[in-house]
Amino acid sequence: MDRLLEVDCARIALQQQLEALATRAREGGEKIALYRNPKSDSYKRAIEGGSSKGDLADKAKEIQGDLNACKMERKELEEQEKPILEEFDSLMLLIPQPADPDVVVGKDDADNVEIRKVGTVREFDFEPKDHVQLGTDLGIVDLERGVKLGGTRNYVLKGDGALLHQAVIRLAFDMMIERSFTPMFVPVLVREEIMYGTGYFPVGRDQAYLCERDEKSLVGTAEVPLTAYRSDEILSAGELPLKMVAMSGCFRREAGAAGKDTHGLYRIHYFEKVEQVIICANDTELSKEFHQEILANSEAVMQALELPYRVVNVCSGDLGQGQVQKFDIETWMPSRKSYGETHSASRFYEFQARRLKLRYRDQNKKMRFCHTLNNTVIASPRVLIPILELNQNRDGSVSVPSALRKYMGGKELIEPKA
RNA sequence: GGAGGAGUGGCCGAGCGGCUGAAGGCAACGGUUUUGAAAACCGUCGUACGGGAGACCGUACCGGGGGUUCGAAUCCCUCCUCCUCCGCCA
């Protein structure tokens, strides 16, 4: 931070010197034009006024000398400026957004504060299986062959497993459309500048799969293409808020998580997620309201799925670089004997909009940066963990939650293939 | 992948190496006129950074980056994007 201020001062000082030189060069250049350019009015006037071409050329030559010196000076200053600008830019990309005042100060996820619990945690009157056991026995989850195909943290969903996955996605997507979000289908392989713009680069670069040959990156969430959808544009105030929803593949390297959550479908390299994004006017109260709205949307999905969950207010230490406030939804997962994160609702103020040049003109025709927010609607297969585990029966079958049945051809029970 | 063509302000569209931050049109905004509206007419109408209390002043920007030149929207190189034709392909 101190270094950034230093660099900024140096930057401005050099800029002022350069501007002074530029002015000198321009003024000199204009004079030369008068003496040299036969097309200019003043040249013609001078000739008519009795000046000889030779005189004018001499005068031009004189000025030229000064301009040559001026050019050298500029080059030198520009050389000095270059590393300073580079450092300035890269430091700027690392500057975090200060958290909202009502965020709890804390170190890590242990300091997150529970806001509410919804639904009741099921008590089993038999020994429940975990989702891996259940899925394997039912023939709907195949971890072994998933790893054969894709390496660690990969999996295959099969039969009713694949259908259940799609059912969850469809339910979530449809519920968002009912809430008047615009359904979108977006690229998942994006240019690096989009990753910088949404704040995933440079800090989270090691978490992304890069396609270096094409200088593109696979996104870890549809938040990226949705938020950047109107980047580098000037919206009209009347268009706001933009509410969008998209299902996309999500690719995550999970670097640094080696050995963590290796069991089952919890932490995996590729999954699908329905994501909601709101782009709204530059108004703190308004974006807070939308934050509650996107949180409520996702809670509605969880309630439709009859899953017990809790909402936590994420503490300062657990916030991402650009997030000013974040609420996570954590869903009860019997095999983990705890609530596991399934949703993350973030609010950014102008952080992403500044990087993305995502602006609008307000009523006073003033250019302003938008505010951006996003939340998971559903991420699968992670959410299949509580769905399978909480809906299992003594005989090893799994009841399909009623909200999903219409997406599974009316099926009510997943049973092992005889 | 190969061969051509093109990228200029919110949009369309001129643009000679200097007087071009950029004609003209549309849209928008303010005004005159009108019972109201339309039409007509007059005016305003890019962004960022720096300086100033301020009216303002300076600098940069004509897809991105680099170069030639005293001087580049204009000339050269390179990359990107779009269009047309050919090839390949869910």
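Computed from a predicted model, the values in this text were never measured in an experiment. All values below come from the heavy atoms of this structure, side chains included, with hydrogens, waters and symmetry mates left out.
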For B:C75 versus B:C86, give the span between their C1' atoms, rounded off to a whole number of Å.
-> 32 Å

Any donor-acceptor N/O pair under 3.5 Å between B:G58 base and A:E19 side chain = yes

Between A:G29 and A:R74, whichever has its closest RNA chain B nucleotide further toward 5' is A:G29

Which whole number of Å gives the distance between the P atom of B:G18 and that of B:G71?
-> 14 Å

Ranking B:U68, B:G58, B:G10 by distance to the side chain of A:K75, first place goes to B:U68

Does A:T23 make a side-chain N or O approach to OP1 or OP2 of B:U59 shorter than 4.0 Å?
-> yes

Residue that, paired with A:V7, satisfies side-chain contact (heavy atoms from CB on, under 4.5 Å) out of A:D2, A:I84, A:I12 = A:I84

Hey, are A:N391 and A:S399 close enough side-chain-wise for a donor-acceptor pair under 3.5 Å?
-> no

When all nucleic acid strands are considered with a 4.0 Å heavy-atom cut-off, which category describes A:Q16: base, sugar-phosphate, or nothing?
-> sugar-phosphate

If each of A:M367 and A:K71 is mapped to the nucleotide of RNA chain B with the nearest heavy atom, which maps nearer the 5' terminus, i.e. the 5' end?
-> A:M367

Have a look at A:R24 and say if it touches a base, only the backbone sugar-phosphate, or nothing, with a 4.0 Å heavy-atom cut-off.
-> nothing

Ring centroid separation for A:F348 and A:H371, is it under 6.0 angstrom?
-> no

Nearest-neighbour nucleotide for the A:I12 side chain, B:A60, B:G50, B:U81 considered | B:G50

Can you tell me, in whole Å, how much space there is between the C1' of B:A23 and that of B:C45?
-> 16 Å

Kindly confirm or rule out a cation-pi arrangement of A:R11 over A:F88, judged by NZ or CZ under 6.0 Å from the six-membered ring centre and within 45° of its axis?
-> yes

